Amino acid sequence: MNFCKYKEIIEEGDTVILYLGFNNMHAITVKKGETFQTRYGALRHSDLIGIKFGGKVQCPKGYLITLHPTPELWTVNLPHRTQILYTTDISLVTMQLELRPGSVVVESGTGSGSLSHAIIRSIMPVGHLYTFEFHPQRAALAEQEFQNHGISQYVTVAHRDVCSDGFGIENVADAVFLDLPCPWLALPSAKKALKQQGGRLCSFSPCIEQVQKTCEKLTELDFVELSTMECLVRNFDIRTISLPIADLGPHSGEAANNSSRQKAVLLDIGDADKTQNTSNDENQMKVNTRYHQDLIGQKNETSFCFKSGVPPTQMPGHTGFLTFATLYPQ
Amino acid sequence: MCSTLYSFTAKVILMMESTCLNSIKDESQVLIKKGENIKIFRVKKGRDIFMDNTKFSLDGAIGHPFGTTFDVVKGTLVKVANGSNKEIESAGKDTEGSQLKDNRDLYDLNSNQKLSKEEIERLKKDGVSGNELVEHLIENSLTFQKKTEYSKEKYIKKKKRKHVLQLTILRPTTRLLCEMYSKSAQKICYLRVDTLAQMLTYGNIHAGITVAVVDTCQGLVVGAVMERLGGFGQVIHLYHESIPNRTAVESYDFPVEMMKTLYSFPLNQVNTLTLKKATHEVNNECISNSDETIKDTSEQMDLEPDASRNVCDALIVDKNDISEKRTDVDSDANKLCEKSVGKNKTEGKRTHDESERKARKEQRAKEWKDARDLLERGQLDCLIIASKLHPTPIVRALMKFVAPSRPIVVYSQFKEALMDCGVSLREEGGMVNYRLSETWLREYQVLPQRTHPKIQMSGTGGYLFTATTLAK
């Protein structure tokens with residue numbers, strides 16, 4: 001299969017994302033004769049062959065869903081060989097480096113290939129990724145993975161230490177991405193790797209000291225439009241919340257259902273419905289009843305119920321600072 | 001998609017990349033960046049533009065590569081000599097030990113500057129350059145030498161921003177257009193660059209797919225999707241007014257070949273769409289029907305360049321003049337109109353208006369038919385909604401046309417609209433992997449000894465809801 005091209009039916013050799021439930025997914029490569037153990041029982045790989053992507057597969061104790069691989073699903077299911085970049089940062093990098101079909105990108109280090117897959121998806125079929133990794137085993141694994149995923153024609157993996165030996169290529173890239181402990185050492189070579197018409201550069205660093213050194217070097221090398229930022233994602237859990245109405249003593253229930261309080265609720269929600277704020281009491285009653293049944297919130301004597309997007313108690317925090325810069329034609 | 005088609009389109013794209021898109025041309029769209037101010041203009045020989053209360057011509061930019069910085073000198077653009085900016089910055093460097101300076105004895109008084117407003121104006125009239133003027137201001141400042149090195153740098157930067165009329169001309173790209181639109185965010189439903197970035201990535205937007213976009217953000221999302229498709233694949237813009245508003249798409253200056261991948265369909269006809277059972281049924285219909293329109297459509301599905309949508313080069317130049325205030329639909333209609341006007345020259349002006357209206361109507365009907373055929377196949381690879389309209393009914397109406405195991409991405413300025421969408425879709429079933437999220441973006445000032453998050457910060461970039469479809 002080509003990881004970065006949609007297909008309809010699962011075949012042997014395909015990568016499939018098995019979806020068992022929220023935050024419960026696994027990536028497998030379909031191979032006849034193999035089995036995958038799930039909490040619903042054993043899943044024979046051969047049972048997947050012929051199924052549509054997006055279809056259900058029955059297991060002894062339940063069913064699971066097969067999803068088509070995407071770089072995003074791959075990122076959360078890939079085998080970690082290093083700390084990886086997650087989709088929040090990947091999205092911003094793709095945007096800020098102006099990646100599009102035909103872009104030529106230079107990346108170092110390859111790591112676990114999370115960003116690499118996303119880059120390839122954005123630049124294919126007429127672009128190319130040159131990715132550099134100084135760890136020989138990781139470089140070999142990445143190369144193998146790209147081959148298994150049918151995208152090796154869009155990428156060249158090189159086992160090389162770009163900080164000491166440079167990239168070894170000149171005037172080819174529209175964009176350079178660096179995820180290195182000492183990115184400033186690779187900057188002079190990165191500048192040469194960029195096309196003569198110029199291009200974009202991104203350096204990802206967890207520590208502010210690294211960012212400072214990188215920015216100083218970028219300015220020295222005539223890069224402009226320096227911009228350092230960080231991007232965090234916050235997920236919300238849509239839940240129905242029921243807040244108990246307090247017992248405030250006699251006539252508590254009345255306070256909750258008092259028409260004047262409902263008028264206040266009306267004004268909060270009904271900004272768009274100014275025409276309905278008439279002095280006609282009957283109209284008011286009808287409208288009150290409707291808002292009382294609203295999807296967002298409703299009240300009875302004992303509780304106030306509403307749907308809320310509840311933020312989690314813990315959220316993904318700092319991953320790294322993203323520093324972007326432009327090199328204009330010299 | 002067959003490999004021969006890829007190689008044909010690839011050649012077209014690469015040819016354009018190498019020859020057309022690197023230098024500023026007459027009639028091209030450019031982004032002009034002056035300090036924090038960034039605006040889009042179309043270069044027109046002999047015509048002046050207004051920016052920051054200054055009137056000047058863009059002729060001096062023609063032929064230079066994108067990214068060149070210019071000085072505005074007497075209403076024209078003059079390329080800035082390399083390194084001239086670094087001279088003025090050295091004035092800020094301290095020669096003696098200055099680490100112990102602070103501002104305890106510095107008072108903020110107008111009299112600190114010896115040059116009067118009139119004298120400054122006179123210097124400007126005499127043709128003194130911006131950089132020279134800043135040097136004069138430094139010389140005549142009573143407090144400058146007493147400032148710390150960092151304070152001097154800040155002072156110079158501030159004076160330069162005011163007096164040095166320097167601008168950079170950039171090629172329009174999504175990230176720069178987002179920067180431009182962020183100054184008038186209500187036009188794009190307060191969509192922020194990182195949110196749009198998430199949408200394109202979670203939507204798995206890539207070459208060769210078919211995307212339906214409901215966009216009331218002046219076409220910024222449509223344009224961004226087109227940029228990521230690179231001419232491979234199709235985009236259907238679903239719009240809710242009488243004419244699609246796609247000002248942002250014009251800004252990209254997409255080549256004609258790429259504009260052919262853009263289809264339009266009115267939202268108020270969505271309920272008339274019916275899902276065709278199987279792809280082979282659709283093809284059979286196309287083959288049996290001898291109507292030329294449908295034949296053209298089936299050719300489009302195979303992504304061959306459609307002869308009927310072809311625009312000859314002679315008309316492209318005219319298009320730029322006419323289409324500035326119009327959308328693609330109207331500009332295409334105008335091309336047809338020009339053809340028909342040529343034929344009807346002898347029939348008089350009375351029939352001119354009638355034939356213009358008729359031609360426009362016919363063109364629109366054809367475009368709608370093409371989009372309808374594409375939607376009714378039920379093979380959309382992505383549905384993106386970014387509008388001020390309530391998303392839930394739109395998603396429910398369009399989700400049946402999305403293929404299985406594909407992303408649906410819904411943007412809203414308001415979390416509650418997406419909560420409603422999420423709950424509604426959960427009830428209906430047919431999707432997994434729901435996610436409601438927002439991203440937080442913070443920029444940093446990075447300078448030696450002066451690194452900190454920036455003082456100004458975006459308050460919101462809107463919210464996103466994503467889900468993946470299942471097989472029916």
Side-chain angles (χ1 to χ4, degrees), chain A residues 4-6 8 19 22 25 52-56 65-68 70-72 87-88 90-92 94-96 98-102 118 121-122 124-126 197-198 208 211-212 215-216 224 226-238 295-296 307-309 321 323 326 328-330, chain B residues 6 10 13-14 17 22 65-69 168 173-175 193-194 196-198 200-202 204 206-209 227-232 381 403-407 415-416 418-420 422-423 432-448 451 463 468-471:
Chain A
C4 298
K5 262 201 265 190
Y6 283 124
E8 206 186 336
Y19 183 91
F22 185 70
M25 287 188 272
K52 260 190 185 175
F53 278 106
K56 289 191 183 135
I65 290 161
T66 60
L67 292 180
H68 197 288
T70 64
E72 291 58 62
T87 304
T88 312
I90 292 174
S91 314
L92 201 48
T94 309
M95 170 73 90
Q96 293 284 350
E98 300 175 358
L99 301 188
R100 67 197 63 199
R121 172 267 311 276
S122 298
M124 58 146 244
V126 286
Q197 76 212 33
I208 199 69
V211 173
Q212 287 177 306
C215 286
E216 235 180 283
V224 292
L226 267 66
S227 176
T228 300
M229 59 186 77
E230 67 171 335
C231 190
L232 304 184
V233 68
R234 201 153 143 235
N235 294 326
F236 300 99
D237 184 20
I238 308 173
L295 206 67
I296 298 298
K307 283 263 193 289
S308 174
F321 299 101
T323 302
T326 311
Y328 287 130
Q330 300 292 286
Chain B
Y6 265 140
I13 302 273
L14 287 172
E17 285 282 327
N22 297 331
F66 280 104
T68 309
T69 303
T168 311
T173 60
T174 302
R175 71 163 184 104
V193 63
D194 54 312
L196 180 56
Q198 304 292 311
L200 297 169
T201 297
Y202 278 103
N204 194 15
H206 62 275
I209 63 169
E227 194 186 54
R228 293 278 264 262
L229 290 184
F232 303 94
D381 294 307
S405 191
R406 298 289 187 272
K415 194 166 87 180
E416 289 76 6
L418 298 178
M419 279 164 51
D420 182 76
V423 174
V432 283
N433 217 5
Y434 302 92
R435 204 183 73 127
L436 173 59
S437 64
E438 72 168 336
T439 43
W440 180 94
L441 186 71
R442 186 180 234 184
E443 288 177 58
Y444 287 76
Q445 166 185 292
V446 179
L447 291 170
T451 299
Y463 301 84
T468 308
T469 57
L470 297 178

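Order of the sequence lines sets the chain letters (A, B, ...), proteins ahead of strands, with each chain counted from 1. We use all heavy atoms of the structure for the numbers below, so side chains are in, but hydrogens, waters and symmetry mates are not. Quick caveat, the model's predicted, so the values are computed rather than measured.
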If I compare all heavy atoms of B:Lys415 with all of A:Gly309, which pair ends up nearest, and what's the gap? NZ-O, 3.2 Å
Pick from A:Arg121, A:His68, A:Lys56, A:Gln212 with the largest number of heavy-atom pairs that fall under 4.5 Å of chain B: A:Arg121
Going by heavy atoms in the side chains, are B:Val423 and A:Ile238 under 4.5 Å from each other? yes
For chain B, which of A:Thr66, A:Ile90, A:Thr87 has the most heavy-atom pairs under 4.5 Å? A:Thr87
Winner by heavy-atom pair count (cut-off under 4.5 Å) against chain A, out of B:Arg435, B:Arg228, B:Glu443: B:Arg228
Apply side-chain contact (heavy atoms from CB on, under 4.5 Å) to the pair B:Phe232 and A:Val126, showing each step before the final yes or no. CA-CA 10 Å; B:Phe232 303 94; A:Val126 286; 4.1 Å; yes
To the closest 0.5 Å, what do you measure between SG (A:Cys231) and CZ (B:Arg442)? 13.0 Å
So, the part of A:Leu226 with a heavy atom under 4.5 Å from chain B: the answer is neither
Begin with the C-alpha distance, continue with both residues' side-chain angles, and end with the deciding distance and a verdict on side-chain contact (heavy atoms from CB on, under 4.5 Å) for B:Val432 and A:Leu67. CA-CA 10 Å; B:Val432 283; A:Leu67 292 180; 4.3 Å; yes
Per-residue contact mode, A:Glu98 against chain B (heavy atom under 4.5 angstrom): side chain
With a 4.5 angstrom heavy-atom cut-off, which part of A:Ser227 approaches chain B: side chain, backbone, both or neither? side chain
Could you look at A:Cys215 and say if it's the side chain, the backbone, both or neither that has a heavy atom under 4.5 Å from chain B? side chain
Interface residue of largest heavy-atom contact number with chain A, from B:Leu229, B:Thr68, B:Leu418, under 4.5 Å: B:Leu229
For the side chain of A:Lys307 and the backbone of B:Asp420, is there at least one donor-acceptor N/O pair under 3.5 Å apart? no
Would you confirm whether B:His206, through its side chain, and A:Cys4, through its main-chain N or O, come within 3.5 Å as a donor-acceptor pair? yes
Max heavy-atom pair count under 4.5 Å with chain A, selected residue of B:Asn433, B:Thr174, B:Leu200: B:Asn433
Minimum side-chain heavy-atom gap A:Glu230-B:Trp440 below 4.5 Å: yes
Enter the distance from A:Asn235:CG to B:Leu436:CG here, rounded to the nearest 0.5 Å. 8.0 Å
Does any N or O in the side chain of B:Gln198 come within less than 3.5 Å of the main-chain N or O of A:Thr88, such that one atom is a donor and the other an acceptor? yes
Is it the backbone or the side chain of B:Tyr434 that comes under 4.5 Å from a heavy atom of chain A, or both, or neither? backbone
Would you check if A:Thr228 and B:Gln445 make a side-chain contact, meaning some heavy-atom pair closer than 4.5 Å? no
Which atom pair, heavy atoms only, marks the closest approach of A:Phe53 to B:Pro404? O-CB, 3.5 Å
Do B:Asn204 and A:Pro71 touch side chain to side chain, with heavy atoms closer than 4.5 Å? yes
Heavy-atom side-chain contact between A:Met229 and B:Tyr444 under 4.5 Å: no
Has B:Ser437 got a side-chain atom pairing as donor or acceptor with A:Arg234's backbone, closer than 3.5 angstrom? no
Can you check whether B:Thr439 reaches A:Leu92 side chain to side chain, under 4.5 Å on heavy atoms? no
Roughly how far apart are B:Arg175 CZ and A:Leu99 CG, rounded to 0.5 Å? 11.5 Å
Apply the side chain to side chain contact (heavy atoms under 4.5 Å, CB included) test between A:Met95 and each candidate in B:Thr173, B:Asp194, B:Leu196; give the one that qualifies. B:Leu196
Report yes if the side chains of B:Glu438 and A:Val233 come closer than 4.5 Å at any heavy-atom pair, otherwise no. no
If you tally heavy-atom pairs under 4.5 Å between each of A:Tyr6, A:Tyr328, A:Phe22 and chain B, the highest tally belongs to A:Tyr6
Which answer fits A:Ile65, side chain, backbone, both or neither, if we ask what part of it has an atom under 4.5 Å from a heavy atom of chain B? side chain
Using non-hydrogen atoms and a 4.5 Å limit, figure out which bit of A:Thr326 sits close to chain B: side chain, backbone, both or neither. side chain
